[in-house]
A.B. asks: 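This is the structure, below, for whatever I ask next.
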Amino acid sequence: MPGKNIMVQIKMAMILACVGGAAALDNGLGRVPQMGYNSWYDWMSNMNETQLKWSVDAMVSNGLVELGYSYFNLDDCWSKGRYPNGSQFADPEFFPSGTLKPLADYAHSKGMKFGTYTDRGSKTCAGRPGALGHEIVDANTYASWGVDYLKEDSCNAVSDHATAFAEYGNMTKALNSTGRPIFFSLCGWNAWYAPVGQSLGNSWRIGPDDTNWHGILTNIDINADLAQYAGPGGWNDPCLLLAEEWTGVQRVTENQTRAQFNMWAIMASPLLISANVINMSAYNLATYKNKEVIGVNQDPLGKQGTRLVGNNLMESLHATDGTHIARTTPAKVEACNPKDPTQKWAINTPSSGYFKNPSTDLCLNVDDCGSDLIFFDCVTKGGTCCGADCYEVMEFNISAAGQLTTPVHPGQCGQLVGSSISFGPCTVSDKWAFDSTTGAISVTVGATTSCLSASASPDVNSATNVWGRPLSTGDWAAVFLNVGATVTDVTCDLDCLALMGFKPSDQITAIDLWDMDPNRKPIAVTGNFTVQALAADGGSAMFTFQKV
């Protein structure tokens, strides 16, 4: 509805104005996407200062630092508590000095910069001290330790947009006040950070933790609509690069590691290896050391790539071994249709508080403990999400007063933002209702009533994509991707080439950036350009295209 979209834009403009007046990042960093290492998917909480120094050494000995992977970033679980003056100290069991300065000094001595982690809430995701109310003392502590990079998470924090922006703005101002240039990485897990990102930080997470192949594709799809917000000084962050962890377990296949690397390069995303660099496979190491793909990511024009061919990848995800793969789709409402099975819901199924759509087997879900709602597989047990059991993010209630609530966000209510649903203060007029006869869950705003729908548009699913981005040389780089269950050809047709600015009359050549033959030759492009037989479940290729 045009009127509703205008109101959303006005609301965002007001928030932007408030954020701009409160804080602005001015550190001169992030002119190209950051590159480096992050400890989380490598060591997770199983780390100490000695082991982390081994990882620093491996970054150097593997030749990664000389290629631009300059940041060595420590993630959660390092902090133990606060002194009476409010300053933090590191867990002395793992960091004997009670500070991170020795590790920072070691990283600096090896030619790396050092980063660490905090959270804008009262506690980190692992329950360690958060930054809320301690931004100034923490920023000064980090500066005194020689910290060059700060990732700030969003667990155990108020989730409405204005509060989130204000709290991140407090850390922005605190870092600015130290006088030390510190790269600021926001980790709020939501696309709504993108429009204000450059006013607050050098990068901002736009989706959930990637964790696995499903998470990688989820974040690619989210990032597809956010290219306009990225550029020199600040970047959309679709999370970390995945390979093997310290136990040797591969989080994704080697082909998927390479596909993610290609996609992160084309999307101008941060290249932060969160994997076991000490014992990394030769294939994965070769992936991360491809100078030409790195060059695409670091191109100074700073244009994030866009999808040229294909659509949403997640709905086309299949497992080659036949196992069930979780699906995630943004929750939405549509015009009520009593004959549409995707608008018929079962309440308290398969567990108390669940809203399940039997036709799709999807449940309503709070997206990664943020404020936005999604449809997700109906998980009834599992790990933790932001300190809460994962199944709690699937528990909802519609009160007699017509408020949609969840225990994840006490005191907040579900409200429409366009056709999507997000949680915020219970001050809106949205009225929710469940009709036990028809199974419809409806929401009324003013004179308009819509219904919760788990449908996916039939034309939005695509097992293959082509993405492209312009380069400062005048060339274009493109990635060809297959996430389907079978080997397939992927084509950039004349319409695709036209989106890159090429005319049918142009003489064009293409260069395969994964052809390691020192005598390789450009490929003449005549008509459609097809990459043949891309592997299933993560086959990819990257080419540059140029006029001759």
A.B. asks: Contact between E245 and Y41 at the side-chain level, heavy atoms closer than 4.5 Å - yes or no?
C.D. replies: no
A.B. asks: Between N190 and W192, is there a donor-acceptor pair closer than 3.5 Å when you use the side chain of the first and the backbone of the second?
C.D. replies: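 Such a contact is absent between N190 side chain and W192 backbone.
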A.B. asks: Hey, could you give me the CG/CG distance between D42 and D75, rounded to the nearest 0.5 Å?
C.D. replies: 11.5 Å
A.B. asks: Return the minimal non-hydrogen interatomic distance between P300 and V32, and the atom names on each side.
C.D. replies: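 Scanning both residues completely, I find the closest heavy atoms to be CA-CG1, 4.4 Å.
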A.B. asks: Show your reasoning for whether side chain to side chain contact (heavy atoms under 4.5 Å, CB included) applies to F355 and I398.
C.D. replies: CA-CA 10 Å; F355 291 8; I398 297 175; 4.0 Å; yes
A.B. asks: Report the distance from atom OG1 of T406 to atom CG of L373, rounding to the nearest 0.5 Å.
C.D. replies: 8.0 Å
A.B. asks: Using atom types as modelled and distance alone, determine if a side-chain donor or acceptor of S87 lies under 3.5 Å from a backbone N or O of Y83.
C.D. replies: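 No; zero donor-acceptor contacts below 3.5 Å.
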A.B. asks: Name the residue from F184, F183, F72 that meets the ring pair (Phe, Tyr, Trp, His ring centres under 6.0 Å) definition with Y149.
C.D. replies: F183
A.B. asks: Report yes if the side chains of Q34 and N202 come closer than 4.5 Å at any heavy-atom pair, otherwise no.
C.D. replies: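 Not in contact.
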A.B. asks: Looking at T172 and L200, would you say the former's side chain and the latter's main chain have a donor-acceptor pair under 3.5 Å?
C.D. replies: yes
A.B. asks: Looking at every heavy atom in both M35 and L67, which two are closest together, and how far apart are they?
C.D. replies: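 Result for this residue pair: CE-O, 3.8 Å.
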A.B. asks: Between W145 and T116, is the side chain to side chain donor-acceptor pair (under 3.5 Å) condition met? List the steps.
C.D. replies: CA-CA 10 Å; W145 288 347; T116 192; over 6 Å; no
A.B. asks: For Q88 and T141, does a side-chain donor sit closer than 3.5 Å to a side-chain acceptor?
C.D. replies: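 No, T141 and Q88 have no side-chain donor paired with an acceptor closer than 3.5 Å.
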A.B. asks: Do you know which two heavy atoms are closest between P181 and N27, and how far apart they sit?
C.D. replies: CB-O, 4.2 Å
A.B. asks: Does any part of the side chain of S97, heavy atoms only, come nearer than 4.5 Å to the side chain of P92, both counted from C-beta?
C.D. replies: no
A.B. asks: Determine which pairs satisfy salt bridge (charged side-chain N to carboxylate O under 4.0 Å, His left out) with at least one residue from residues 179-198, sequence neighbours left out, and list them in order.
C.D. replies: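 Of all non-adjacent pairs touching residues 179-198, those that pass salt bridge (charged side-chain N to carboxylate O under 4.0 Å, His left out) are D148-R180.
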A.B. asks: Could you give the distance from NE2 (H161) to OG (S422), rounded to the nearest 0.5 Å?
C.D. replies: 4.0 Å
A.B. asks: Are any side-chain N or O atoms of N365 and backbone N or O atoms of C363, one a donor and one an acceptor, separated by less than 3.5 Å?
C.D. replies: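 No, the answer is negative, given that no donor and acceptor are paired below the 3.5 Å cut-off.
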A.B. asks: Quick test of your reading: applying salt bridge (charged side-chain N to carboxylate O under 4.0 Å, His left out), list the pairs with at least one residue in residues 126-135, sequence neighbours left out, ordered by first then second residue.
C.D. replies: D91-R128
A.B. asks: Determine whether a donor-acceptor pair (N or O, by modelled atom type, separation under 3.5 Å) exists between the side chain of D119 and the backbone of C155.
C.D. replies: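 Checking the backbone N and O of C155 against the side chain of D119, a donor-acceptor pair under 3.5 Å is found.
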A.B. asks: Strictly distance-based, threshold 3.5 Å: is any side-chain N or O of Q412 a donor or acceptor partner for the main-chain N or O of T405?
C.D. replies: no
A.B. asks: Do the side chains of Q260 and L242 get nearer than 4.5 Å, heavy atoms only?
C.D. replies: yes
A.B. asks: Out of I220, N465, L313, which residue meets the side-chain contact (heavy atoms from CB on, under 4.5 Å) rule with M263?
C.D. replies: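 Only one of I220, N465, L313 forms a side-chain contact (heavy atoms from CB on, under 4.5 Å) with M263, namely I220.
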A.B. asks: Looking at T287, N284, V293, which hits side-chain contact (heavy atoms from CB on, under 4.5 Å) with R258?
C.D. replies: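 Passing option: T287.
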A.B. asks: Provide the closest heavy-atom pair for R469 versus A265 in the form atom of the first, atom of the second, distance.
C.D. replies: NH1-O, 2.9 Å
A.B. asks: Rounded to the nearest 0.5 Å, what separates atom CH2 in W264 from atom CG in N297?
C.D. replies: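 Result: 11.5 Å between the selected atoms.
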A.B. asks: For S39 and W78, test the side chains for any donor-to-acceptor distance below 3.5 angstrom and give the result as yes or no.
C.D. replies: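 Side-chain D/A pair, S39 to W78: absent.
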A.B. asks: Is it true that, when you exclude K53 itself, more than 12 heavy atoms of the residues, nucleotides or ligands shown sit nearer than 6.0 Å to its NZ?
C.D. replies: yes
A.B. asks: Begin with the C-alpha distance, continue with both residues' side-chain angles, and end with the deciding distance and a verdict on side chain to side chain contact (heavy atoms under 4.5 Å, CB included) for W246 and Q51.
C.D. replies: CA-CA 10 Å; W246 69 277; Q51 292 169 325; over 6 Å; no
A.B. asks: Can you tell if the side chain of M47 reaches within under 4.5 Å of the side chain of L74, non-hydrogen atoms only?
C.D. replies: yes
A.B. asks: Evaluate V408 against F423 for side chain to side chain contact (heavy atoms under 4.5 Å, CB included), listing each step before the verdict.
C.D. replies: CA-CA 10 Å; V408 177; F423 268 81; over 6 Å; no
A.B. asks: Which pairs with one or both residues in residues 90-109 pass ring-ring contact (aromatic ring centres under 6.0 Å, His included), sequence neighbours excluded?
C.D. replies: none
A.B. asks: Under 3.5 Å, side chain of S399 to main-chain N/O of Q403, donor-acceptor pair present?
C.D. replies: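 Yes: the side chain of S399 pairs with the backbone of Q403.
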A.B. asks: Quick one: does W189's side chain get under 4.5 Å of S159's, heavy atoms only?
C.D. replies: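 A side-chain contact under 4.5 Å is absent here.
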A.B. asks: Are any side-chain N or O atoms of R120 and backbone N or O atoms of A131, one a donor and one an acceptor, separated by less than 3.5 Å?
C.D. replies: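 No, the answer is negative, given that no donor and acceptor are paired below the 3.5 Å cut-off.
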A.B. asks: Under a 4.0 Å threshold between the charged nitrogen and the carboxylate oxygen, would D210 count as salt-bridged to R205?
C.D. replies: no
A.B. asks: Could you list the residues that satisfy side chain to side chain donor-acceptor pair (under 3.5 Å) with N279, not counting sequence neighbours?
C.D. replies: none
A.B. asks: Set out, in order, the CA-CA distance, both residues' side-chain angles and the distance that settles ring pair (Phe, Tyr, Trp, His ring centres under 6.0 Å) for Y37 and Y69, then state yes or no.
C.D. replies: CA-CA 7 Å; Y37 165 91; Y69 294 92; over 10 Å; no
A.B. asks: Just by modelled atom types, is the S472 backbone N or O under 3.5 Å from a matching donor or acceptor in the D299 side chain?
C.D. replies: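 Yes.
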A.B. asks: Are L100 and F114 close enough that some pair of their side-chain heavy atoms sits under 4.5 Å apart?
C.D. replies: yes
A.B. asks: Please examine the side chains of K151 and N73, heavy atoms only from C-beta on, and report whether any two atoms are closer than 4.5 Å.
C.D. replies: no
A.B. asks: For the residue pair L132 and S122, what are the closest heavy atoms and their distance?
C.D. replies: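 Taking L132 first and S122 second, the nearest heavy atoms are CB-N, 4.0 Å.
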A.B. asks: Any idea which heavy atoms bring A104 and G146 closest together, and the distance?
C.D. replies: CB-O, 4.3 Å
A.B. asks: What distance do M267 atom CE and N219 atom CG have between them, rounded to the nearest 0.5 Å?
C.D. replies: 8.0 Å
A.B. asks: From the options Y193, W204, Y229, select the one residue that forms a side chain to side chain donor-acceptor pair (under 3.5 Å) with N236.
C.D. replies: W204
A.B. asks: Checking R31 now: which residues fulfil side chain to side chain contact (heavy atoms under 4.5 Å, CB included) with it, not counting sequence neighbours?
C.D. replies: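 Here the qualifying residues are P232.
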A.B. asks: Within this structure, what is the CD-OG distance for the pair E152 and S185, rounded to the nearest 0.5 Å?
C.D. replies: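 These two atoms lie 10.0 Å from each other.
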A.B. asks: Evaluate side chain to side chain donor-acceptor pair (under 3.5 Å) for W40 paired with N38, printing each intermediate quantity in order.
C.D. replies: CA-CA 6 Å; W40 186 246; N38 177 283; over 6 Å; no
A.B. asks: Please assess L285 against L64 for the test side chain to side chain contact (heavy atoms under 4.5 Å, CB included), listing each intermediate value before the final yes or no.
C.D. replies: CA-CA 9 Å; L285 192 58; L64 293 166; 4.2 Å; yes
A.B. asks: How would you list, by chain and number, every residue that makes a disulfide (SG to SG under 2.5 Å) with C239, sequence neighbours excluded?
C.D. replies: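 C239 satisfies disulfide (SG to SG under 2.5 Å) with no other residue.
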A.B. asks: Salt-bridge test for D76 and K123: reply yes if a basic N is under 4.0 Å from a carboxylate O, no otherwise.
C.D. replies: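 No salt bridge links D76 with K123.
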A.B. asks: Is it the case that over 12 heavy atoms from other parts of the model lie below 6.0 angstrom from the CG atom of L471?
C.D. replies: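 Correct, the count exceeds 12.
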A.B. asks: Tell me if a side-chain donor or acceptor on D430 pairs with a main-chain N or O of L416 at a distance below 3.5 Å.
C.D. replies: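 Side chain of D430 to backbone of L416, a donor-acceptor pair under 3.5 Å: yes, one is there.
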